[in-house]
Asker: 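Have a look at this one before I ask anything.
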Amino acid sequence: MTKIETFKKGESEYVERAEKFTTLSDIEVKPFYTPDDIQINYHKDLGLPGEFPFVRGVYQTMYRGRLWTMRMFSGYGTAFDTNKRFKYLLEHGETGLSVAFDFPTLYGYDSDHPLAHGEVGKCGVAISSLADMEVLFDGIPLNKVTTSMTINGPAAIIWAFYIAAAENQGAQRKELGGTIQNDILKEYIAQNSYIFPPEPSMRLILDTFEFGTEELPRWNTISISGYHIREAGATAVQELAFTLADGLTYVDAALERGMNIDAFAPRLSFFFNAHNYFFEEIAKYRAARRIWAKEMKNRGATNPRSMMLRFHTQTAGVSLTAQQPLNNVVRVAIQALAAVLGGTQSLHTNSYDEAYALPTEEAVKLALRTQQIIAYETGVTDSIDPLGGSYYVEWLTNKMEEETYKYFDIIEKKGGVIECIKKGFFQNEIAKASYKYQKEVEQGKRKIVGVNCYRTDQDDEVCIPVLVVDPEVERVQCERLKKLRETRNNDKVRDALKELEKQARTENNLMPYLLKCAHAYATLGEIRETLVSVFGEYQPKDWF
């Protein structure tokens, strides 16, 4: 019997730390892996960088040719406050803007709506009209930067504000580059910032697909997001499976509308989490590219760009701890390294103080420096997919794909993604995974440094600078909104909203009419209520 065979049979003289080792997705990990654990046809299953099935990266040169876009998720207070933060980050080397909106904006409410009270500018920037969007990007030429906007329920409206602001700067639509998250399915699954029922929400998304394909060829009209699914408590496998299932649902809906897959698919993008289990995260990204490439090819895509899964990554907010917060610097660095080794196109690194509040300037600068150190000092960007060929990584990549297809089968048997949303399938799966993880942490089976191990007597005395949003922000924002309503051409606003309501009752694309409302300075809340009068609001069931 060989040494390898003896080891595999457990006849080792060594005692291990635990009876079983598992990933965060509960995949059991063996002591080591050999060629016997992977059956790979290199050209079929991996291919070269930039070639189908894109496991080793979507571009031929990857970071040897161009580094990932370095973004910091930024937004707080008024548009004036966030505009200053944007300029600060651009001065310190950020290469793309990423906008965080406050809760009222995420739900489509104006800042002076009763439900907005106490939340204006707290968790992101308050945007209630084109006037706010113009201030947000004042002095920042929108035909020179790319912008990512994390907005879903009212995504089409906010995008219309952005396009209108760019046009008022003198930019042409074809020059604009960036991403609108616009992923409503994961809102029903995880984050819950929805407005309309699924069917009209899907219509608005397809409208953005069509409009973007025709008018804004450089714009990613959706960022299909696993990030918030993971933040809600999902495992890496669930994040991968549910996100790709959502993406395929959008593709199938667009095909049903009659759109050409090679016309819209190249502008689809994804948004993934980077959590603590290093190799599982890398395997997740590699498996995602292969699954997407195969599924798009099966749906008739012939353009290689239609089969490329391009994605943005954000480090795991849910992993940040209020206890010993400086430990978060290390967590974020490891998570960011996993994203880079996994081949991300864009990356946001969380700040160490975000378990307390929105990040301070110093904390956000350190988070940006983390990316820059990885890019310029570690050498990991010199070779493409440097972990490719690792027996463990290739085995885990295959395993992630296998487990994802098991979920695909379950979702199909239950009637598809929208039916699964209505029945609470995704929500229950995530709740069970979240409960299991939390139980393991509380029992000490999962070690969180500074939380359930290696605590000190001084942990409760930690004092770090915290960004506090001035309550005056809400008053100033509401005053601006009041003045806007008094000084704009209200006849033009009424006409634009009336036309929008009329068109919402047809099957016409609504983006041109949303843009008319934006240019008339109709507010976010006014446009929302106009669409609600036609579409209604989504009322979820109690699934538990």
Asker: I need the minimum non-hydrogen distance between Ser351 and Leu320, along with the two atoms involved.
Answerer: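 For Ser351 and Leu320, the tightest heavy-atom pair comes out as O-CD1, 3.7 Å.
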Asker: Taking the side chain from Gln169 and the backbone from Ile140, do they hold a donor-acceptor pair closer than 3.5 Å?
Answerer: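 Here the side-chain-to-backbone pair exists.
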Asker: Tell me whether the count of non-hydrogen atoms from other residues, nucleotides or ligands lying under 6.0 Å of CZ in Arg64 goes above 12.
Answerer: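 For Arg64, atom CZ is not crowded (no more than 12 foreign heavy atoms under 6.0 Å).
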Asker: Would a distance-only check, ignoring hydrogens and angles, find a side-chain to backbone donor-acceptor pair under 3.5 Å from Glu537 to Val532?
Answerer: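 No.
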Asker: Got Met511 and Leu216 here, is their nearest side-chain heavy-atom distance under 4.5 Å?
Answerer: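 They are not in contact (no side-chain heavy atoms under 4.5 Å apart), so the answer is no.
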Asker: Under a plain distance cut-off of 3.5 Å, with no hydrogens placed, do Asp110 and Thr523 share a side-chain donor-acceptor pair?
Answerer: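 Side-chain D/A pair, Thr523 to Asp110: present.
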Asker: Between Glu486 and Lys483, is there a salt bridge with N-O shorter than 4.0 Å?
Answerer: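 Answer for the salt bridge query: no.
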Asker: Return the orientation label for the His275 and Tyr437 ring planes: parallel under 30°, perpendicular over 60°, tilted otherwise.
Answerer: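 His275 vs Tyr437 ring planes: perpendicular.
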Asker: Are Glu362 and Lys365 within salt-bridge range, i.e. N to O under 4.0 Å?
Answerer: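 A salt bridge is present here (some side-chain N lies under 4.0 Å from a carboxylate O).
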Asker: Output the distance between atom OH (Tyr352) and atom OG1 (Thr370), rounded to the nearest 0.5 Å.
Answerer: 11.5 Å
Asker: Ring-plane angle category for Phe209 and Phe264, please: parallel below 30°, perpendicular beyond 60°, tilted otherwise.
Answerer: parallel
Asker: With the threshold set at 4.0 Å, does a side-chain nitrogen-carboxylate oxygen contact exist between Arg480 and Asp132?
Answerer: yes
Asker: Check the side chains of Tyr227 and Gln191 for a donor-acceptor pair under 3.5 angstrom, ignoring hydrogens and angles.
Answerer: no
Asker: Give the table of side-chain donor-acceptor pairs shorter than 3.5 Å for residues 329-342, with sequence neighbours excluded, one pair per line with atom names and distance.
Answerer:
unit_1 : atom_1 : unit_2 : atom_2 : d
Arg331 : NH1    : Thr321 : OG1    : 3.2
Arg331 : NH1    : Asn328 : OD1    : 2.9
Arg331 : NH2    : Val449 : O      : 2.9
Gln335 : OE1    : Ala316 : N      : 3.1
Gln335 : NE2    : Asn276 : OD1    : 2.6
Gln335 : NE2    : Ser319 : OG     : 2.8

Asker: Going by heavy atoms in the side chains, are Pro198 and Tyr538 under 4.5 Å from each other?
Answerer: yes
Asker: Would you say Tyr59's side chain and Gln345's backbone share a donor-acceptor pair under 3.5 angstrom?
Answerer: no
Asker: Do Thr221 and Arg267 pair up side chain to side chain, a donor and an acceptor below 3.5 Å, judged on atom types alone?
Answerer: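 There is no such pair (donor and acceptor under 3.5 Å, judged by atom type) between the side chains of Thr221 and Arg267.
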Asker: Can you confirm whether Leu204 sits close enough to Ile184 that some side-chain heavy atom of one is under 4.5 Å from a side-chain heavy atom of the other?
Answerer: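 SC-SC contact between Leu204 and Ile184 ruled out.
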Asker: If every non-hydrogen atom of Arg218 is compared with every non-hydrogen atom of Leu176, which pair is closest and at what distance?
Answerer: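 That would be CB-O, 3.4 Å.
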Asker: May I ask you to check whether Tyr194 and Ser201 show a side-chain donor-acceptor distance below 3.5 Å?
Answerer: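 Looking only at side-chain atoms, Ser201 and Tyr194 do not form any donor-acceptor pair under 3.5 Å.
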Asker: Does Thr82 use its side chain to pair, donor to acceptor, with the backbone of Ala79 at less than 3.5 Å?
Answerer: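 No, because the side chain of Thr82 does not come within donor-acceptor range (under 3.5 Å) of the backbone of Ala79.
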Asker: Could you tell me the separation between the CG atom of Leu244 and the OG1 atom of Thr249, rounded to the nearest 0.5 Å?
Answerer: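 So the CG of Leu244 and the OG1 of Thr249 are separated by 10.5 Å.
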Asker: Between Asp81 and Thr78, do the side chains contain a donor N or O and an acceptor N or O under 3.5 Å apart?
Answerer: yes
Asker: If you compare all heavy atoms of Leu515 against all heavy atoms of Ala160, which two are closest, and at what distance to 0.1 Å?
Answerer: CD2-O, 3.5 Å
Asker: Establish, from distance only, whether the side-chain atoms of Ser111 and Ser128 form a donor-acceptor pair under 3.5 Å.
Answerer: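 On atom types as modelled, these side chains qualify, holding a pair under 3.5 Å.
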Asker: Quick one: does Gln181's side chain have a donor or acceptor within less than 3.5 Å of a partner on Ser225's backbone?
Answerer: no
Asker: Answer yes or no: is there a donor N or O on one side and an acceptor on the other, between the side chain of Glu280 and the main chain of Phe278, under 3.5 Å?
Answerer: no
Asker: Could you check if a side-chain atom of Ile127 sits within less than 4.5 angstrom of a side-chain atom of Val99, using non-hydrogen atoms only?
Answerer: no
Asker: Identify which one of Phe272, Phe271, Trp292, Phe270 satisfies the ring pair (Phe, Tyr, Trp, His ring centres under 6.0 Å) criterion when paired with Phe311.
Answerer: Phe272
Asker: Distance from Ser346 atom OG to Arg71 atom CZ, nearest 0.5 Å?
Answerer: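 With rounding to 0.5 Å, OG (Ser346) is 4.5 Å from CZ (Arg71).
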Asker: Between Glu187 (side chain) and Gly153 (backbone), is there a donor-acceptor pair under 3.5 Å?
Answerer: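 Not confirmed, Glu187 side chain does not pair with Gly153 backbone.
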Asker: Does Thr208 reach the main-chain N or O of Ala156 with its side chain, forming a donor-acceptor pair under 3.5 Å?
Answerer: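 No, the answer is negative, given that no donor and acceptor are paired below the 3.5 Å cut-off.
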Asker: Mind checking whether Glu167 and Ile163 have side chains closer than 4.5 Å, heavy atoms only?
Answerer: yes
Asker: Over all heavy atoms of both residues, which pair between Ala165 and Met133 is shortest? Give the atoms and the distance, please.
Answerer: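 Closest approach of Ala165 to Met133, heavy atoms only: CB-CG, 3.9 Å.
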Asker: What do the steps show when you test Phe137 against Phe86 for ring-ring contact (aromatic ring centres under 6.0 Å, His included), and what is the final call?
Answerer: CA-CA 8 Å; Phe137 293 102; Phe86 282 164; 5.8 Å; yes
Asker: Quick one: are Tyr76 and Val473 in side-chain contact, heavy atoms under 4.5 Å?
Answerer: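 The answer is no, as the side chains (C-beta and beyond) never meet within the 4.5 Å cut-off.
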Asker: Hey, could you give me the CD1/CG distance between Ile222 and Leu206, rounded to the nearest 0.5 Å?
Answerer: 9.0 Å
Asker: Does a side-chain N-to-carboxylate-O contact under 4.0 Å join Arg203 and Asp207?
Answerer: yes
Asker: Is a donor from one side chain sitting under 3.5 angstrom from an acceptor on the other, for Asn152 and Ser193?
Answerer: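 Per modelled atom types, Asn152 and Ser193 side chains form no pair under 3.5 Å.
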Asker: Please check: side-chain N/O of Arg310 versus main-chain N/O of Pro266, any donor-acceptor pairing under 3.5 Å?
Answerer: yes
Asker: Heavy atoms, side chains only, cut-off 4.5 Å: are Asn350 and Gln314 in contact?
Answerer: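 Side chain of Asn350 against side chain of Gln314, heavy atoms only: contact under 4.5 Å found.
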Asker: Run through Glu134, Glu526, Arg488 and flag the one making a side chain to side chain donor-acceptor pair (under 3.5 Å) with Tyr521.
Answerer: Glu134
Asker: Keeping the roles fixed (side chain from Asp102, backbone from Gly121), state whether a donor-acceptor pair exists under 3.5 Å.
Answerer: yes
Asker: Check whether more than 12 heavy atoms from other residues, nucleotides or ligands sit under 6.0 Å from atom CZ of Phe103, and answer yes or no.
Answerer: no
Asker: May I ask you to decide if the ring planes of Tyr107 and Tyr109 are parallel, tilted or perpendicular, using 30° and 60° as cut-offs?
Answerer: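 Parallel: the ring planes of Tyr107 and Tyr109 meet at under 30°.
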Asker: Hey, could you give me the CG/CD1 distance between Leu347 and Ile374, rounded to the nearest 0.5 Å?
Answerer: 7.0 Å
Asker: Between Gln172 and Asn143, is any side-chain donor less than 3.5 angstrom from a side-chain acceptor?
Answerer: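 No, Asn143 and Gln172 have no side-chain donor paired with an acceptor closer than 3.5 Å.
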Asker: Tell me which donor-acceptor pairs under 3.5 Å the side chains of residues 236-243 have, and how far apart each pair is, sequence neighbours excluded?
Answerer:
unit_1 : atom_1 : unit_2 : atom_2 : d
Gln238 : OE1    : Thr235 : N      : 3.0
Gln238 : NE2    : Tyr407 : OH     : 3.1
Gln238 : NE2    : Glu429 : O      : 3.3
Glu239 : OE1    : Arg230 : NH1    : 2.9
Glu239 : OE1    : Lys284 : NZ     : 2.7
Glu239 : OE2    : Asn273 : N      : 2.8
Glu239 : OE2    : Lys284 : NZ     : 3.4
Thr243 : OG1    : Gly226 : N      : 3.4
Thr243 : OG1    : Glu239 : O      : 2.5

Asker: Which pair of heavy atoms, one from Trp219 and one from Thr147, lies closest together, and at what distance?
Answerer: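 Smallest heavy-atom distance, with atoms named: CH2-O, 3.7 Å.
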Asker: With side chains defined as the heavy atoms from C-beta onward, is the minimum distance between Arg485 and Leu481 less than 4.5 Å?
Answerer: yes
Asker: Supply the atom-to-atom distance Glu215 CD to Asn509 CG, rounded to the nearest 0.5 angstrom.
Answerer: 9.5 Å
Asker: Indicate the atoms forming the closest heavy-atom contact of Tyr188 with Gln427, along with that distance.
Answerer: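 Heavy-atom minimum between the residues: O-NE2, 3.1 Å.
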Asker: Would the number of heavy atoms belonging to other residues, nucleotides or ligands and lying under 6.0 Å from NZ of Lys87 be above 12?
Answerer: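 Enclosed.
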